[in-house]
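All remarks here apply to the structure that follows.
All ligand and atom numbering here is 1-based and tracks the order in the structure. Note that the coordinates shown come from a computational prediction; the quantities given were computed from them, not determined experimentally.
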Amino acid sequence: MQPTDTIAAVSTPPGRGGIGIVRVSGPAAAAIAQALTGRLPPPRCVHYCSFRDGANSVIDRGVALYFPAPASFTGEDVLELQGHGGPVVMDMLLAAVLEHGARAAQPGEFSQRAFLNGRMDLSQAEAVADLIDSGSRAAARSAMRSLDGAFSEQVRALAGALTDVRAHIEACMDFPEEEIDFLSDPQLAQRLQTLRRQLAATRASAGRGVLLNEGVRVVLAGQPNVGKSSLMNLLAGRDSAIVTDIPGTTRDIIREHIQLDGLPLHVIDTAGIRVPGDVVEKHGVERAWSEIETADALLLVVDDRTGVDDADRDILARTPAGVARIVVNNKIDLSGAMPGAERMDDEEHVRLSATTGAGIGALECALKACVGYEIGDQGSFMARRRHLDALARAATAVDAADQVLRERGAGELAAEELRLAQQSLGEITGEVTSDDILGEIFSRFCIGK
Ligand SMILES: Nc1nc2c(ncn2[C@@H]2O[C@H](COP(=O)(O)OP(=O)(O)OP(=O)(O)O)[C@@H](O)[C@H]2O)c(=O)[nH]1
Ligand SMILES: [Mg+2]
């Protein structure tokens, strides 16, 4: 399992820059330093030197840093060569390193080694990639918290609590004659309840982390001419979609990427839904439906003068249950209604005018609320869908354990469910993750990371 070869890559982004860094990790790092710089730099000290190729000609002059194992990013001997950030110089420097026995690193291979050597757990390694990819300050802050271990700590605490309850149940089973009494102990039921509550809280935080990570898909849909494209332009702050008073103006999907208090939104404008007049519109309406089906949130736009009619109710009825929804009563400058949000007939309504902008703040608040986003959420951490799935499976198993214990006093079954829950949590931190999944996760990282 532990790698024994030496890997190298340019760790700075491609292109020109003041500084470029070649990173080397593995047992040959020291020999490579010796060969290229003439001596092994003292551990963790800045060493200014020339970098020479195999023919002893100087490629560049810069700084060499040597981090002997295990106190390095990967846990192996690591060498960093910091030279000038030009693509050709970096290429020549990397080629010289490869000549001395290193091989080109795969994407994410440095992080993967850090994980395999126990320098960080899997969710922390993922947070490194998420920090690099973060699209907003809020996302970067959350990724940093995950990197610091905020998420891993919660998951480990949950796993620890699970172990305790399981041990308790298994101990009861060693005394069969008293088993039933032990298992109906109210303290045990209480501990299971606490566990379920803690799991639910972690799932909620992780859900917010996923929103920050991936962004929220918000689809604008409704009948023609109600002002979907006007609202899209207002949200995006620019004239992205064509607006006319001809019903059926928008025929294709139009996408904008915006931020709402740090929450990334993918706003999607669609063709007005009606019986299509021609084949182009038919395709447009089909596309509108497929966007609605994969949305996180639907903004059903209606003209406030007519309100929600049967055609709108049809759209709501066809929208999958998991999609959050807000009815936008647009054109209040014409209907004379006051801007604001209100719950009516089981739906959240926001009254606004895409023309004057009145009520847009209420829509933004309603949007954040319906996806469960809290601004300045200090306790938030970055998470991925993979983590949410694992937490959901753990929650299902804990619920099942609780049920078999309460209804049938079946300690053995309950202990098995708790073991499954523990295993699901272990997938998050990487304690029980298959090589395939690891490969899949790290291959999405950038080269040199
Ligand atoms: N007075 C007023 N007019 C609006 C408002 N919102 C949109 N309109 C007008 O309504 C007409 C249709 O607006 P669009 O944004 O193109 O409507 P749409 O829903 O995208 O229409 P389709 O693309 O045809 O489905 C345009 O003339 C807009 O100027 C509003 O809040 N107030
Ligand atoms: Mg339109």
Applying side chain to side chain donor-acceptor pair (under 3.5 Å) to His387 and Glu126, what does each step give before you reach the verdict?
CA-CA 11 Å; His387 305 147; Glu126 290 173 314; 2.5 Å; yes
With a 4.0 angstrom cut-off on heavy atoms, strictly below it, pick out the residues next to ligand 1 and order them by chain and number.
Pro224, Asn225, Val226, Gly227, Lys228, Ser229, Ser230, Val243, Thr244, Asp245, Ile246, Pro247, Gly248, Thr249, Thr250, Gly272, Asn330, Lys331, Asp333, Leu334, Ser353, Ala354, Thr355
Asp436: salt bridge (charged side-chain N to carboxylate O under 4.0 Å, His left out) partners, not counting sequence neighbours
none
Just do the side chain to side chain donor-acceptor pair (under 3.5 Å) check on Gln223 and Arg274 with the steps written out, would you?
CA-CA 6 Å; Gln223 299 182 58; Arg274 64 173 173 186; over 6 Å; no
side-chain contact (heavy atoms from CB on, under 4.5 Å) partners for Glu153, two or more places apart
none
Classify the side-chain pair Asp148/Gln124 by whether it contains a donor and acceptor separated by less than 3.5 Å.
no
Could you tell me whether the side chains of Thr294 and Arg217 share a donor-acceptor contact shorter than 3.5 Å?
yes
Run the side chain to side chain donor-acceptor pair (under 3.5 Å) test on Ser229 and Asp269 for me, step by step, so that the C-alpha distance in whole Å, both residues' side-chain angles and the decisive distance to 0.1 Å come before the verdict.
CA-CA 6 Å; Ser229 301; Asp269 182 22; 2.6 Å; yes
Under 3.5 Å side-chain donor-acceptor pair for Ser152 and Thr429:
no
The Mg ion (ligand 2): protein N, O or S atoms that are less than 2.8 Å away, sorted by chain:
Ser229 OG, Thr250 OG1
Does Asp121 come within less than 4.0 Å of Arg156, counting only side-chain N to carboxylate O?
yes
